[in-house]
Amino acid sequence: MRLKVVLLGEGRVGKTSILFRYIRNEFQEKQQSTLQASYMDKKIKVGTTTAQLSVWDTAGQERFHALGPIYYRDADGALLVYDITDSESFTKVRKWVKELRKIVGGDINIVIAGNKIDLERNRQVEEKEVLEYAKSVGATHFYTSAKQNLGLEECFTDLATKMVQQNLTKLQGLAGGFQPKGGKSKLVVVDDTGEGKKSSGGGGCC
Amino acid sequence: MSTSSTSKRHEILKCLRSSSSVSLWRLRELALTKGGLLDSNLRKLAWPKLLGVRRLDYEGIEEDWVNFYGLYNSEIQRFGEEKGVKSFYTKTSYPLSESTISQIKRDVTRSLWHFRTSQSGEEKKDTPSNRKKQDQKTRKKQTIVGGIILDVLSSNPSLHYYQGFHDIVSIFLITLQNPELTGACLGRVTGRHLGDAMGRDFGGLIEGMMFCVMPLIEVVDKKIAEFIRRSEVEPFFLLSWLITWFSHDIKNLETASRLVDAFISSHQLLPIYVSVALIKSRRDVILNTECEFAMVHGRLSGIPGEVGEEEWDDILIEAVRVMKRVPPSGLSKIAGGYARKYERGKEKRPITKILGEGGWKEVGLLKPPPEWVVTSELPADWFLLKERNTGVKRGRSKGARKRGKVKLEIEEDGGKLRRGGFNKGDLARSASGLSGDKGGGDWVGGFLKGGGLIVGLIAVGWAIYYQQIEMIGGGGGF
């Protein structure tokens with residue numbers, strides 16, 4: 001089973017570092033900014049199913065978001081990353097959730113990762129707010145540290161489990177002659193920032 | 001003009017200081033052919049000329065990064081703090097947002113590759129003390145790069161920062177070794193060449209890419225075009241190539257500078273033609289890839305990193321050859337043809353849309369080249385003339401010596417050019433996008449061969465027609 005995961009989040013929250021740590025167990029203090037979407041593969045076992053994860057890394061700066069849909073449109077799951085020491089980066093997570101729900105629909109599995117937990121002392125994002133938000137959009141939340149290799153296995157295993165289950169359910173449905181059409185209603189998008197719905201090509205918040 | 005014993009380096013110096021004016025078409029030709037402008041010592045002299053920037057008199061202080069800024073020294077040291085950043089930039093006419101400043105700071109401090117390659121291309125021994133010195137040097141250079149970016153952005157409100165611009169700035173600074181000269185040169189390339197990338201968003205750049213890339217690939221190789229369409233990969237994979245002039249992907253200072261030689265000697269669309277030539281050069285591996293989005297995307301985006309230093313010479317010539325065949329003025333025609341053939345009945349019809357709404361006319365990449373790309377001559381630098389008169393010999397940089405490029409024969413180069421379908425002196429004019437076998441640029445191309453004066457007149461006329469004259473700054477350019 002081949003599953004596609006896309007890493008999304010503001011620039012410098014640690015998407016590339018998460019990818020390198022999880023897949024190659026490498027960490028670079030000064031990871032260069034990502035300008036080019038790329039992916040890495042990893043095999044993962046969920047129960048009796050072996051899945052091939054293709055994890056796509058994307059550029060974080062707002063102006064690259066216009067390219068986003070090409071990389072997430074057929075993704076089975078998204079890992080939305082924010083930096084616990086940067087409250088602005090969590091606001092971006094909310095934007096991503098809305099965009100994914102709007103464009104991909106309710107089918108995409110979402111996990112939120114609060115990265116850089118090794119910098120707990122500089123925390124800016126309140127735990128209560130995050131957990132409530134994650135619950136309200138049907139996402140799981142994990143704390144991670146790419147630097148200290150914390151929480152990454154759990155994070156990806158959870159996402160993979162959800163994706164595998166969803167795929168198996170779909171397959172069973174197909175086998176039983178049942179076509180799950182437009183099953184996009186189970187999750188409700190919470191529009192909590194009161195912003196108008198901008199088109200994804202617009203970009204530029206600053 | 002040259003004999004077999006004349007080295008290219010001699011030719012470049014001759015061009016820069018043999019008479020009171022520098023023939024820019026000749027200099028562009030040298031910049032485009034084998035090895036480009038060869039090394040940073042020559043680039044330092046030639047880049048400002050190609051860009052129509054009058055060189056500041058900065059001889060003697062080039063090695064001393066921090067003292068150059070004298071009074072700013074203490075501020076530079078404090079760059080890590082917000083206040084230090086602000087006090088660094090000198091033109092505060094258009095203050096930048098806090099988020100932009102912090103983005104720049106993060107990108108600059110995370111970028112290392114340009115700085116780790118020393119200018120001479122020699123690696124120092126990896127001892128703790130050397131490492132510490134290297135780190136200090138790197139930080140200083142990063143600080144200055146950050147300052148220059150802030151300067152460039154705050155002096156022109158239509159320019160917006162994008163991740164990747166810092167790569168280009170670093171290459172210019174490391175080559176030119178002077179922050180102010182770097183700023184002046186960037187003032188040129190941020191016009192037509194990087195203007196779309198620096199817009200409010202990437203909208204214009206993406207339109208330009210959609211408009212040119214697939215139609216051009218279709219012209220050079222139908223089979224590759226068909227393969228890419230089938231894989232559903234869109235031209236976005238080459239965005240980083242365009243916004244960093246391939247430097248982000250090749251991560252080699254020498255090659256990156258050699259590409260800058262070519263790009264500042266050419267029409268702003270050359271990077272797109274180079275992308276097409278790159279893809280064509282890997283025809284077999286591409287067609288042998290599994291035709292699936294991720295595989296093809298990965299295969300294509302990996303190409304620049306695999307191209308050897310010398311292979312770039314061939315790629316550039318091939319790119320100019322394609323530009324000669326389909327000059328920028330002929331692009332709307334082939335884009336239209338492509339759209340009629342492949343976008344018919346499709347839900348998404350980007351080229352049809354861009355053509356229909358006339359959006360392509362607003363895209364900087366698709367406009368006529370800036371004046372400095374077609375200027376035919378500029379006065380030579382006085383100190384170079386003086387040097388020649390007093391018999392000063394300019395040494396090759398350590399890097400060039402090390403690479404053993406002692407004799408770069410022009411004749412040898414000429415052979416390759418002829419095989420590529422170019423006559424002598426033809427390459428640079430083709431690369432300016434103004435000549436071609438077909439399309440609207442043809443008549444201009446014919447005239448251009450007439451001589452310098454006519455070239456100048458046509459260039460000015462062309463620019464006035466589009467009301468897009470970019471004045472040659474610093475005064476006395478002509």
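Here the structure is a predicted model, which means the values were calculated and not measured. Computed from heavy atoms alone, side chains included, the values below leave out hydrogens, waters and symmetry copies. So that the names make sense, note that chain A is the first sequence line, chain B the second, and so on, each numbered from 1.
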Can you measure from [atom1] ([X]) to [atom2] ([Y]) and round to the nearest 0.5 angstrom?
X      : Y      : atom1 : atom2 : result
B:H248 : A:S33  : NE2   : OG    : 6.5 Å
A:K30  : B:Q142 : NZ    : CD    : 6.0 Å
A:D74  : B:E232 : CG    : CD    : 8.5 Å
A:E10  : B:Q103 : CD    : CD    : 7.5 Å

| query | By a 4.5 Å heavy-atom criterion (distance strictly below it), what part of A:I70 contacts chain B: side chain, backbone, both, or neither? | reply | both
| message | Tell me whether the count of non-hydrogen atoms from other residues, nucleotides or ligands lying under 6.0 Å of CD in A:E126 goes above 12. | response | no
Between the side chain of [X] and the main-chain N/O of [Y], is any donor-acceptor distance below 3.5 Å?
X     : Y      : result
A:Q61 : B:Y161 : yes
A:R63 : B:A197 : yes
A:Q36 : B:F237 : yes

| query | Between B:F293 and A:W56, what is the ring plane arrangement, given parallel below 30°, perpendicular above 60°, and tilted in between? | reply | tilted
| request: Please report the closest heavy-atom contact between B:I206 and A:A66, naming both atoms and the distance. | output: CD1-CB, 4.2 Å
| request: Determine the minimum heavy-atom distance between B:Q163 and A:G60, stating which atoms define it. | output: OE1-N, 4.3 Å
| task | Identify the residues of residues 37-44 of chain A whose heavy atoms come closer than 4.5 Å to a heavy atom of chain B, ordered by number, or report 'none'. | result | A:A37, A:Y39
Donor-acceptor contacts under 3.5 Å from residues 75-85 of chain A side chains, at least two apart:
| from | atom 1 | to | atom 2 | distance (Å) |
| --- | --- | --- | --- | --- |
| A:D76 | OD2 | A:K4 | N | 2.8 |
| A:Y82 | OH | A:H141 | NE2 | 2.8 |
| A:D83 | OD1 | A:T85 | N | 2.8 |
| A:D83 | OD1 | A:T85 | OG1 | 2.8 |
| A:D83 | OD2 | A:R12 | NH2 | 3.4 |
| A:D83 | OD2 | A:T85 | OG1 | 3.2 |
| A:D83 | OD2 | A:K116 | NZ | 3.3 |

| query | Taking it one step at a time, do B:F202 and A:L67 satisfy side chain to side chain contact (heavy atoms under 4.5 Å, CB included)? | reply | CA-CA 9 Å; B:F202 279 150; A:L67 316 180; 5.6 Å; no
